[in-house]
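First comes the structure, then the notes that go with it.
Small disclaimer: the values here were computed from a predicted structure and weren't measured. Each ligand, and each atom within it, is numbered from 1 in the order the structure gives.
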Amino acid sequence: MKDIFTNKFTDQVSLTHDHLVPQIFTYLKDHEKEIEGSAYHIIESARNYNSFNAFEKLMHEYDLSSSEGIVLMCLAEALLRIPDNKTINDLIEDKIPKGQWKNHIKNDNNIFVNISSIAFLMTGKILKQDDLKTTDIFMSVLKKISTPVLRSVIKQSINILAKQFIFEKDIKRASKLSLKLEDSIHAYSFDMLGEGARTYQDANKYFENYKNAITVIGETSSQKKHSISIKLSALHPRYERNKIELLRKELLPKLFEIIELAKNVNVDICFDAEEADRLNISLILLNYILDSNIIDNDYSGLGIAVQAYQQRSIFVLEWLDTKLNIVNKKMNVRLVKGAYWDTEIKLAQEKGLENYPVFTKKFITDLSYLKCAHILEGSNNIFPQFATHNAFTIAYVQKLFENKPHEFQKLHGMGDEIYNHFKNTNNFSCRVYAPVGGYNDLLPYLVRRLLENGANTSFIHQLNKKNINSEALQRSPLSKLHKIDQNPIYKPQNIFPDRKNSIGVDLTEEENIEIFSNLQNIDNINATSVINGVDKISSITADIFSPYDINKIIGQACYADEKIINEAIDSLSLYNKEWKNSSLDKRIKIVNQFANLLESNYHLLVSCCVKEAGKTIHDSIADIREAIDFCRYYAVEAKKIFIEQHLPGPTGEKNIYQLKAKGLTCVISPWNFPIAIFVGQLIAALVCGNVTIAKPAEQTSNLSYVIFKLLLKAGLPQNAAALILGRGEKIGPKIFTNQNLQNVVFTGSLETAKIIQKQLHARDDLINFIAETGGLNCLIADSSALTEHVVEDVINSAFNSAGQRCSACRILCIEENVYEKTLSMLKGAVDTLKVSSPELISTDIGPVIDHKAKEKITNHINSFAKKYQTSSTNNHQGYFVNPTIIEINNLTDVKEEIFGPVLHVLSYSSKNLIELCIQIDSLNYGLTLGIHSRIDRVIDTVIKNTNVGNTYINRNIVGAVVGSQPFGGHHKSGTGPKAGGPEYLKKFCYEYSVSNNIVAMGGNVDLLSNVTD
Ligand SMILES: Cc1cc2nc3c(=O)[nH]c(=O)nc-3n(C[C@H](O)[C@H](O)[C@H](O)COP(=O)(O)OP(=O)(O)OC[C@H]3O[C@@H](n4cnc5c(N)ncnc54)[C@H](O)[C@@H]3O)c2cc1C
């Protein structure tokens, strides 16, 4: 498997030239004309096919490049799952008036398309506010009367859309229908709808569904050998590479049970292909299955789908063929191109991966598919199943396999026009992928199909475009090879126009898993304060413990005493002028070098962060990435803000406006983001030219010492910054009273921010104070939101980092109609979280920082009666708190920010949305807020009635990205400016203006030399 594991991110250009093109090129030399000819016939026959497929007609009319197409997709995605009429009405009212439906009523249109368009048009007219103005009373009465009718008409249209993809409601009916439809070329692969189980309950339900489906199909008296498609992510709520031990224990036995059953009743099964991050785990499990005795020579019905758009697809097939040879077994492979392309691109950018796991040119995916077909053609162990609706791909495969058994596969509700061409072809077999289930489970599948139909590059989409001629469609993908370098999608590192995105670590990859499973020993760091680049020893020392293993001392820190603090201030003050006037380019260069050093020291930094701060490996990596982004972002911003501006004025004078460093700055950072916040504040101060005292949280002294040394290594002049270790309450007052101090920057608790503010007030001057504190952050989810999505984002926002983020979700407000459902799924999802040592990659929740924190959180939890806490084993060696959900009746039940894995949930009525917003506002915090809703008006209402620093829509509410989501709040949440935003650096500077009378030394030369007659 090594080739698979090391080729997730190869260079697509060389992969294409070296591995994909040669064989296809040779093959096409002899067969190109014939294949293109066949493709042309398929295309022409498809274009002449008179489809009664209402969906295709509708998709053709409303393609995704039109606003009406988008409206339809939004409705299809949400409408059928909403339980209450009010929200359905709101959604319809929100979406339908946004389309220009009139343009879609045409003579040559299918009747269903026209009826739908008329219904949408009428609905839009009745609901549109603008129209209401003219005929107020009539329209509002009409609206009242017609709302239920409109609702039902729109629902009906969407139902028809959805029905198009559902073969039948349950497997028994599906089996009956397949018998009825049975013809010479079609067999079925039934897909039991439902994917991505979030809870064990769901996973068990899907497990029973699959077993039942296999049994029913096994009993069907069909001439055809139907099969069952299985989504592994439906069978376990944590189908992730990092959960391998758990999956081995819990999922593998289920797979054995399914295979055993399928074998006994002689039904083929196929594991669907899902996201690229899940490929390794699927193959590892398959490897176990193949090494076991569960499959013998009598059963060759196990299959797996392979996605040709993945750069590794050819290596997967080569491995599988070799493996099957070794174990002397046979299997099916369904070759698909892949259905999650847009998701893969987005994820890779978010994670800052070195490259994309999928090809970024459509024609390369096509070539990869053909190359995979060649590999399958060379295999005697694999029965190939070609799932495609692309005419050229079909024609190529048909030629390649003219003498070898194979089958094609199509999706139910798609590609009828293509496969109709073969209805009288001898020895042609096509299996239909037939989804079985209810609408509620259909939605993710439906959206994928809509996107597939609507995508610009999709063959089916192009087939329906009259302006693309058949000759263009029939052409081999090799004909596009010259475009390989044209209009590239930027690599994840290059998505920002003026700086590099920080590189991430892909923890689903084997090499990284191995590296980060073995953290470095950090016992010998011996952190001290650092002045002028020199370690400063004092008699004040403190032992360092891991918050997850309090019996083990992992180091010792030496704190600063008064003498050291004074020495630091004196030394920095002496260097102040020089640093302030140093060249900006020099400062920027140092900052960028430092960013590169952080990037090349991931392992050391993760080791310190995990061991000292108790952060998980995932969280530690995110912390480093944010620090790197801060450096590069502030370097770019500094360049912008320090530009000297010439201001207009009367002739004969020169007016200049510019920013200058404030001077001695003290940055105080917390333990919860010991890398990002420490670095962000320090670099912001330094890049502006401020000499700086860095005072990190005492809990993470080692880590800050290591980072500070990297900064010096990057070239920072030794007396531009000093590291002062120690307890805040001891160090702070000694610094805050110094008259040279100009600026204090603090991130931490509100309580400490207020203490610092008081101490600064006692000074006889007015110095700048920037504070970033916590929040009582809410997330509002209405009944149009997708519950699975809400749950995933809430789990992430409330419990990741053990809830120790100031942006964490503290209160989830759920619309009453979906309250029970959401709460139940939330509890199920919480049950899947692993609370354990952060040194394990499989850990979801590590410890809280110390005894005091644990005690406060536990006391808070104990003060509530209605709560749900997981029963996962609590490690008493450390400060662990199990994730807890507390049901509350009023927002005011939560008095203060609880910095731990505790989520409060509240039911609200959509009628009281504004009131809820007012209550949220009256909590007096203003940091983050989440909204999960498909209705723009709801989103608008919430935004207009709340005052927070960061609002997140239909996503989690943590992990603000530097430069993309400037972060910070107001009221009790801080003073601003936002970290990682365009105003941040300016606060580290004062404004300065020079006015120069340039005529003083003579006449007005400028005026006289430029004046014209
Ligand atoms: C029976 C059946 C079973 C299926 N099972 C699965 C499954 O288990 N897992 C799964 O993921 N999919 C599955 N699919 C969906 C399948 O991946 C899509 O239907 C398929 O990609 C469409 O391919 P095509 O040859 O019909 O269309 P084409 O239009 O020729 O190709 C579309 C492909 O090109 C890719 N593409 C688009 N733009 C680019 C670009 N810029 N760079 C690179 N690639 C690009 C798309 O992502 C898609 O994969 C299945 C499909 C069928 C018919």
Check: Out of Glu344, Gln349, Gln311, Gln12, which one pairs with Tyr356 under the side chain to side chain donor-acceptor pair (under 3.5 Å) rule?
Finding: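 It is Gln349, the one option of Glu344, Gln349, Gln311, Gln12 that forms the side chain to side chain donor-acceptor pair (under 3.5 Å) with Tyr356.
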
Return the residue, atom name and 0.1 Å-rounded distance of the protein heavy atom closest to [atom].
atom                    : result
atom 2 (C) of ligand 1  : Ala387 CB, 3.5 Å
atom 48 (C) of ligand 1 : Gly338 O, 3.3 Å
atom 6 (C) of ligand 1  : Val336 CG1, 3.6 Å
atom 37 (C) of ligand 1 : Thr457 OG1, 3.2 Å
atom 26 (O) of ligand 1 : His389 N, 2.7 Å
atom 29 (O) of ligand 1 : Phe459 N, 2.6 Å
atom 53 (C) of ligand 1 : Leu411 CG, 3.4 Å
atom 15 (C) of ligand 1 : Arg449 NH2, 3.7 Å

Checklist line | Side-chain ion pair, Glu350 and Lys346, N-O less than 4.0 Å | finding: yes

Check: With only distance considered, is Tyr340 within less than 3.5 Å of ligand 1 through an N or O on each side?
Finding: no

Notebook entry, point to check: Just distances here: any N/O of Asn390 and N/O of ligand 1 closer than 3.5 Å?
Noted result: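 In this structure, Asn390 places an N or O atom under 3.5 Å from an N or O of ligand 1.
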
Next item on the list: Determine whether the side chain, the backbone, both or neither of Gln307 has a heavy atom under 4.0 Å from any heavy atom of ligand 1.
Entry: side chain

Next item on the list: Heavy-atom distances under 4.0 Å are what count here, so tell me which part of Lys361 touches ligand 1: side chain, backbone, both or neither.
Entry: backbone

Item checked: Sole candidate of Gln462, Glu36, Lys465 that passes side-chain contact (heavy atoms from CB on, under 4.5 Å) when paired with Leu473 ->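 Result: among Gln462, Glu36, Lys465, Gln462 is the only option passing the side-chain contact (heavy atoms from CB on, under 4.5 Å) with Leu473.
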
Note to self: Between ligand 1 and Thr393, can you find any atom pair, the residue atom being a heavy atom, that is separated by under 4.0 Å?
What the structure shows: no

Margin query: Can you tell me how the ring of His19 sits relative to the ring of Phe315, calling it parallel under 30°, perpendicular over 60° and tilted otherwise?
Written below: perpendicular

Check: With atoms numbered from 1 as shown, which atoms in ligand 1 lie under 4.0 angstrom from a non-hydrogen atom of Thr365?
Finding: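 Under 4.0 Å from Thr365, ligand 1 has these atoms: 34 (O), 43 (C), 44 (N), 45 (C).
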
Checklist line | Any donor-acceptor N or O pair under 3.5 Å, side chains Tyr369, Ser313 | finding: no

Notebook entry, point to check: Honestly, is Arg431 close enough over Tyr433, meaning NZ or CZ under 6.0 Å from the six-membered ring centre and within 45° of the axis?
Noted result: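 Verdict for Tyr433: no cation-pi partner in Arg431.
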
